[in-house]
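Atoms within each ligand, like the ligands themselves, are counted from 1 in listed order.
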Amino acid sequence: MHPLLKQGNKTYLSKRLYAPGMKLAHISDIHCNEGNDFNPKMFEKAVTLLNKIDADLVFITGDLTTWGLLSEYELARKKLGEINGETVVIPGNHDERNLGFKLFPEFFGETDFIHTYKEITIVGLSSSEPDKDDGRLGRGRHRLIEEGIHKNAKPTIIGFHHHVIPVPNSGRETNIIEDAGETLDIILKNEVPLVLMGHRHVPYGVKIHKTLLVNAGTFSCTRTRAHFGNTFNIIDIERDMITVTVVNIGDETQKDIITYDLSDGCCYNGYYEIESLNK
Ligand SMILES: [Fe+2]
Ligand SMILES: [Fe+2]
């Protein structure tokens with residue numbers, strides 16, 4: 001082994017998960033709306049697929065509504081009720097519009113939290129601010145990330161709406177969180193194995209250092225990009241292995257795009273084999 005891959009006696013591998021089998025569904029950008037933004041038929045199809053998967057936990061990374069309106073929150077709560085099993089929800093920029101930031105806790109609970117689920121610590125963070133599309137976490141949430149990481153020996157999964165690095169195939173690269181550098185630094189130095197994000201309405205995943213950064217596409221918004229359609233992610237965690245699968249809701253197909261073995265750091269990324277990229 002190259003000497004640079006060792007630090008003292010510690011072999012310089014990824015922090016291991018040792019998690020028992022766990023299936024996460026990662027969905028995002030539902031965009032409940034009474035106008036044209038929400039596709040109810042797609043939502044119905046998506047929920048049927050999602051419920052068949054029988055995930056241990058459904059992580060929803062924001063934009064449950066389009067305008068943050070009371071009627072949209074009511075619709076979102078009703079629609080989320082159709083999802084079987086346990087869900088965790090964080091707000092997106094759209095949910096904070098029109099005083100929607102006051103409605104979110106009323107409908108879906110706390111916007112920033114640390115939960116323990118099975119052998120995993122889950123940190124959910126609101127990266128949005130009222131009536132702004134830009135995202136920012138800030139020092140308070142950075143402290144929450146560190147608190148979640150050091151709370152116990154369990155590996156940590158972090159979720160927030162905006163993206164911490166640019167996402168390809170999403171047009172002009174706006175809305176990367178304003179404090180992306182500081183956030184990335186905390187995530188990478190603590191070897192957080194998995195970060196979940198949404199916002200750009202396209203699926204994406206990439207490993208940086210020892211962290212897998214994963215974006216979910218849009219679950220049921222009509223604003224899809226090119227041939228990507230509506231998608232969600234299935235994330236299987238089995239001991240040291242993370243597998244990310246993208247489910248295309250419209251044609252009911254699925255493709256494993258990433259397998260990451262934390263025991264040896266090997267990561268296979270099949271993102272560029274997604275057929276919709278090659279059309
Ligand atoms: Fe969105
Ligand atoms: Fe968004």
- [ ] Using 2.8 Å as the cut-off, count the protein N, O or S atoms closer than that to the Fe ion (ligand 2).
- [x] 4
Task: Ring geometry between Tyr204 and Tyr271 (parallel below 30°, tilted from 30 to 60°, perpendicular above 60°) - done: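 The rings of Tyr271 and Tyr204 stand perpendicular, inter-plane angle above 60°.
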- [ ] Classify the ring geometry between Phe113 and Phe59 as parallel (under 30°), tilted (30 to 60°) or perpendicular (over 60°).
- [x] tilted
Open item on the list: Any salt bridge linking Glu252 with Lys45? Criterion: basic side-chain nitrogen under 4.0 Å from a carboxylate oxygen.
Closed with: yes
Open item on the list: Strictly below 4.0 Å, N to O, side chains only: are Arg239 and Asp261 in salt-bridge contact?
Closed with: no
Open item on the list: Between Glu72 and Trp67 (side chain of the first, backbone of the second, donor and acceptor by atom type, cut-off under 3.5 Å), is there such a pair?
Closed with: yes
Open item on the list: I'd like to know if the side chain of Asn233 reaches the main chain of Asn215, judged simply by a donor and an acceptor atom lying under 3.5 Å from each other, with no hydrogens or angles considered.
Closed with: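 Confirmed, Asn233 side chain pairs with Asn215 backbone.
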Task: Closest approach to the Fe ion (ligand 1) by His31, given as the N, O or S atom name - done: NE2
